[in-house]
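Computed over heavy atoms, backbone and side chain alike; hydrogens, waters and symmetry mates excluded. Chain naming here is simple, since letters A, B, ... match the order of the sequence lines and numbering starts at 1 in each.
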2 protein chains.
Amino acid sequence: MDRIQLQNSFEAYFNEWGYEIDWQRLTVPMDVHVIRKGDYLFRQGDAANRLYFLHSGLVRYVSVSDEGKEFTQTFAKSPRIIGSTKAMVTGSTVLFGIQALEDCMVSSYPWQAFYAQMRHDIGFLECYAKFLERIFMTKEERENAFVKHSAERRYLDFCMTYPELKNTIPQQQIASYIGITPVALSRIRQKLKLGHR
Amino acid sequence: MDRIQLQNSFEAYFNEWGYEIDWQRLTVPMDVHVIRKGDYLFRQGDAANRLYFLHSGLVRYVSVSDEGKEFTQTFAKSPRIIGSTKAMVTGSTVLFGIQALEDCMVSSYPWQAFYAQMRHDIGFLECYAKFLERIFMTKEERENAFVKHSAERRYLDFCMTYPELKNTIPQQQIASYIGITPVALSRIRQKLKLGHR
DNA sequence: ATGACTTATTAACCTAGGTTAATTCCTTCT
DNA sequence: AGAAGGAATTAACCTAGGTTAATAAGTCAT
C-alpha cells in the first residue's frame, strides 16, 4: 500500500459512518508506521499525541503498574482509530503502550494540527463525537464488569466478545485483560472444563 | 429560579467552555425537575434518553447488580451535564439510576430532538466532543484504579479527589464507589487511623 | 532431533476482602 | 427524654484470587 492508498482508506473509514467530510481541509502530512508482531507503536511514557489509524493487523493497549505488572486495557483490530485520547487532548505523556499482536500497518497525524484543521468541518466533528461516544460506552461496560462480575464471568464474557482472539493470543494476555494472573485464569479454565463433562 | 433563568444558566455553562454556540437553533421545550434529597431523577431500567443539566445540588449514579448489591458509578456536583450517554445515544434503557444526595434542581431536553437541532452548530459539537473526552478520561482512570490499585489506595484517592464528600455522605456510598463493602471500608479506616499514631 | 526458551498447568500456601451477626453509635421522630 | 431505625464498628469465619515454585507442554533455532 502506498501513501495515497493509506490516506484514502483512512478517509473512507470516516465516510462510512455516513457523514460528509471535507477532506480538502486536511493538509497536515501523514506518517506511516510498519510494526512487526511484538513490537510497539509507542510505549508508556512517550509523548504520543498523534491520531493513529490501524489499517491492518491487531494491537493491544498495555500499561504497566508501579509493581511492574502488565495490564491489557484494550484489544483493537483494524480498521480502527487507535491512540491515547488523553495524551492527544491534554498533551500529557501516554499511560499505556500499543503493542502489535500481528504485523501492523498504521498511519498517523499530529493531533493538534489535524484537529485545528478539521474542527471546522461539521461532518468530522460528528464522527469524532460518535467515536468518543463509542469508546466511552466501552469503558463504562468494562468498569461495570470489574465491579459487578467475577473473574470467571469476565472470562466467559471475553470469549463471547472476542471469539477469534480466544485461541490466537497467549493466555497471559487474556488474563491481563480481565484483570487476573495467568495462574488464576488457568484454574478457571480447568474448572470450566470439568463442569462441561 | 424560573424557566428562563434555568435556560440561561444551561446555555451559560456551555458558553463558558469558550465556543460560540447559536442557541437560537434550540426550540425543543425544556422540562424542569425538582428532586428532594434521597429521591431519584430516574431509575435503572427507565427509558431516560434525555439530556439533563444539574443546576444545583449533588447526585450519584447508582446501579444495582443481579445479586441486589448497589454500586455507585459517579458522584456529580452542579453545575454539570448529567444523564446516561448510552441511553441517549443508543435509545436503550438506562443501566443506572440517578439519586439526589442533596435537594437538586435539574432541567432536561429530549436528546434526539435536541441533538437534531444542535448538530448543525459547530460550537455545540466541539463542546459536546470536549464533554465526551472528559467523561471518557474519567472512566479510563477509574478502570485503571480498579485493576492496578488496592481498595486502600482507592479510598485514599477518593479522599483526595472528593475531600468535601468525605465527611458529608454516608460511608456505605463511599464504599460502593470504590467497589468494596461498608465492612471492608470500616476495616481500612481503622487500619489507617492506627497507622497515623 | 536436540537443546533453549517461553507458555501453561498444577499444587501449596497466603491475603484482601466478602459474609454474617452482634454491638455500639447517630439521627430523627414523637 | 425516650423509642426506633439506620449507620458504623468489630469479630469470626470463608473464599476468590495472588504468590511461589515445580512440572509439563509448546515453540523455535540450530
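Side-chain atoms of A:Asp121 come within 3.5 Å of backbone atoms of A:Gly123 as a donor-acceptor pair (strictly under, hydrogens ignored). Side-chain atoms of B:Gln73 do not come within 3.5 Å of backbone N or O of B:Val62 as any donor-acceptor pair. Under a 3.5 Å cut-off, the side chain of B:Gln99 and the backbone N or O of B:Val59 do not form any donor-acceptor pair.
Rounded to an integer number of Å, the gap from A:Ile174 CD1 to D:dG17 C1' is 18 Å. Separating the CD1 atom of B:Ile188 from the P atom of C:dA16 is a distance of 10 Å, rounded to the nearest angstrom. Note: CZ (A:Arg153) to C1' (D:dT15) measures 20 Å, nearest angstrom. If you measure from atom CD1 of A:Ile180 to atom P of D:dT19, you get 12 Å, rounded to the nearest angstrom. Note: CD (A:Glu70) to C1' (C:dT6) measures 14 Å, nearest angstrom. For the pair A:Lys191 NZ and D:dA16 P, the computed distance is 7 Å after rounding to whole Å. Atom CG in B:Leu192 sits roughly 15 Å away from atom C1' in C:dG17 (whole-Å rounding). Regarding B:Asn167, its CG atom lies at a distance of 14 Å from the P atom of C:dC26, rounded to whole Å.
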Where along nucleotides 5-10 of chain D does protein come under 4.0 Å, by heavy atom, of base (B) or sugar-phosphate alone (S), with - for untouched nucleotides? --SSBB
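Within the structure, every side-chain polar atom (N or O) of A:Thr181 is placed at least 4.0 Å from both OP1 and OP2 of D:dG17. Taking side-chain N and O atoms only, B:Lys69 has a distance below 4.0 Å to OP1 or OP2 of C:dT19.
Electrostatic pairing of B:Asp103 and B:Arg36 counts as a salt bridge here, judged by a charged N lying under 4.0 Å from a carboxylate O. Using a 4.0 Å cut-off between a side-chain N of Lys or Arg and a carboxylate O of Asp or Glu, B:Arg142 and A:Glu143 qualify as a salt bridge.
Counting heavy atoms from C-beta on, the side chains of A:Arg43 and A:Tyr40 come closer than 4.5 Å.
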